[in-house]
Structures are given as C-alpha cells and as structure tokens.
Peer 1: 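What follows is a single structure, and I will ask about it in a moment.
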Amino acid sequence: MTVTIYHNPRCSKSRATLELLRSNGIEPTVIEYLNTPPTVTELEVILTRLGLQPRDLMRKGEAVYKEAGLGDPALDRNALLAAMVEHPILIERPIVLANGRAAIGRPPENVLAIL
C-alpha cells in the first residue's frame, strides 16, 4: 500500500499524524508541501478524494488569505486553486492519501479510516 502525507514539520498535528502512521508500521512518502507545493491537478485529486471544495481546504486564518482577498465569493475555483499553489501555506494540513482515498489529520486519528 502506498501512503503519502502532505506534511509540514513545524505543525504539531502534522508531526503527530506522521508518527501515528509510523507507529502503525507505515512508512509514508513524505511531501513537505511548503517546499514542494502540489500542482493544480494534484489539488484536484485531493479535493475529489476528500469530497471538498477548494475554499474548504484553505486555512482562512493565514494572513495571505486576507491579504489576497480570498474570502471574496466571486473568486472561481481556478483562482482559489492557483492561490493554493502559489501560497501553499494556505493548504490545510496534514493530508494523507492512501487506497484511493484521502483524509485530513485533524485529529491525527482521522487518517486511520483510510488505511
């Protein structure tokens, strides 16, 4: 089974989720998404697997969310996806992909359901 985690090592939930995977005998592919942001296509796959819309995956408390006016309901899907690629700090974390499914590790135990 291939398991991938979009990880931010500075985030306690992300670190806890990675440790939870490892304690269950899973060594995931770790993508530090702040250094290697997902592409628009990869974000589309993640959103589909999560059953979410782009804004649902965005960290609305980040300064760049307000500064870029991303709360504007007139912004379309493509504009929101482009903002997440340009500013990956906006992407909720951690995201785990496994078995054609996805989960957000908030709380970390959420990811166990897709393994």
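Reckoned from all heavy atoms, side chains included, excluding hydrogens, waters and symmetry mates. This one's a predicted model, so the numbers in the text were calculated from it and none came from an experiment.
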Peer 1: I104 and V30: same hydrophobic cluster, using ILVMFWY side-chain contacts below 4.5 Å?
Peer 2: no
Peer 1: For N99 versus L115, what's the shortest heavy-atom pair and its separation?
Peer 2: ND2-C, 3.5 Å
Peer 1: Under 4.5 Å between side-chain heavy atoms, hopping through other hydrophobics if needed: is there a path connecting L52 to V96?
Peer 2: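 Different clusters.
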Peer 1: CD1 of I5 to CZ of R15: how many Å apart, nearest 0.5 Å?
Peer 2: 11.5 Å
Peer 1: If only atom types and distance count, is the side chain of D56 paired as donor or acceptor with the main-chain N or O of Q53 below 3.5 Å?
Peer 2: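 Yes: the side chain of D56 pairs with the backbone of Q53.
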Peer 1: Looking only at non-hydrogen atoms, find the nearest pair between A113 and R101 and report the distance.
Peer 2: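 The answer is O-NH1, 3.2 Å.
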Peer 1: Search all heavy atoms of G105 against all heavy atoms of K13 and return the closest pair with its distance.
Peer 2: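 Nearest pair, atom of G105 first, then K13: O-CB, 4.0 Å.
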Peer 1: Can you name the nearest heavy-atom pair linking L81 to L47, along with the distance?
Peer 2: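 Smallest interatomic distance, heavy atoms only, reads CD2-CD1, 3.7 Å.
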Peer 1: Would you say that Y33 contacts I95 through its side chain, given a criterion of any heavy-atom pair below 4.5 Å between the two side chains?
Peer 2: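 Not touching, per the 4.5 Å side-chain cut-off.
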Peer 1: Heavy atoms, side chains only, cut-off 4.5 Å: are T4 and I31 in contact?
Peer 2: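 Heavy-atom side-chain distance check passes, below 4.5 Å.
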Peer 1: Just so I know, are the side chains of K60 and K66 near enough to count as touching, which here means a heavy-atom distance under 4.5 Å?
Peer 2: no
Peer 1: Pairs under 3.5 angstrom only: tabulate donor-acceptor contacts from the side chains of residues 20-28 to other protein residues two or more places apart or in another chain.
Peer 2:
{"unit_1": "R22", "atom_1": "NE", "unit_2": "E27", "atom_2": "OE1", "d": "3.0"}
{"unit_1": "R22", "atom_1": "NE", "unit_2": "E27", "atom_2": "OE2", "d": "3.2"}
{"unit_1": "R22", "atom_1": "NH2", "unit_2": "E27", "atom_2": "OE2", "d": "3.0"}
{"unit_1": "S23", "atom_1": "OG", "unit_2": "E19", "atom_2": "O", "d": "3.4"}
{"unit_1": "S23", "atom_1": "OG", "unit_2": "L20", "atom_2": "O", "d": "2.9"}
{"unit_1": "N24", "atom_1": "ND2", "unit_2": "L20", "atom_2": "O", "d": "2.8"}

Peer 1: Do I114 and I46 belong to the same hydrophobic cluster, where Ile, Leu, Val, Met, Phe, Trp and Tyr are linked whenever their side-chain heavy atoms lie under 4.5 Å apart, directly or via other members?
Peer 2: no
Peer 1: State, yes or no, whether a side-chain contact exists between R77 and E44 at a heavy-atom distance under 4.5 Å.
Peer 2: yes
Peer 1: Quick check: is V45 connected to M1 through a chain of hydrophobic side chains (ILVMFWY, heavy atoms under 4.5 Å apart)?
Peer 2: no
Peer 1: Of all heavy-atom pairs between R55 and D72, which one has the smallest distance, and what is that distance?
Peer 2: NH2-O, 3.0 Å
Peer 1: List the atom pairs, with distances to 0.1 Å, where a side-chain N or O of residues 86-93 and a protein N or O form a donor-acceptor pair under 3.5 Å, not counting sequence neighbours.
Peer 2:
{"unit_1": "E92", "atom_1": "OE2", "unit_2": "R59", "atom_2": "NH1", "d": "3.1"}
{"unit_1": "E92", "atom_1": "OE2", "unit_2": "R106", "atom_2": "NE", "d": "2.8"}

Peer 1: Can you tell me how far OG1 of T36 sits from OH of Y6, rounded to the nearest 0.5 angstrom?
Peer 2: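 Rounded to the nearest 0.5 Å, the OH-OG1 separation comes out at 9.5 Å.
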Peer 1: Does any part of the side chain of R49, heavy atoms only, come nearer than 4.5 Å to the side chain of L97, both counted from C-beta?
Peer 2: yes
Peer 1: Answer yes or no: is there a donor N or O on one side and an acceptor on the other, between the side chain of S14 and the main chain of N8, under 3.5 Å?
Peer 2: yes
Peer 1: Report yes or no: does N110 contribute a side-chain atom to a donor-acceptor pair with the main-chain N or O of A103 at less than 3.5 Å?
Peer 2: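 No.
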Peer 1: Drop me the distance from C11's SG to L34's CG, to the nearest 0.5 angstrom.
Peer 2: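 Here the rounded value is 10.0 Å.
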Peer 1: How many angstroms lie between CG in L43 and CG in L50, if you round to the nearest 0.5 Å?
Peer 2: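 That separation rounds to 10.5 Å.
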Peer 1: Would a 4.5 Å heavy-atom cut-off, applied to side chains only, mark E62 and L70 as touching?
Peer 2: no
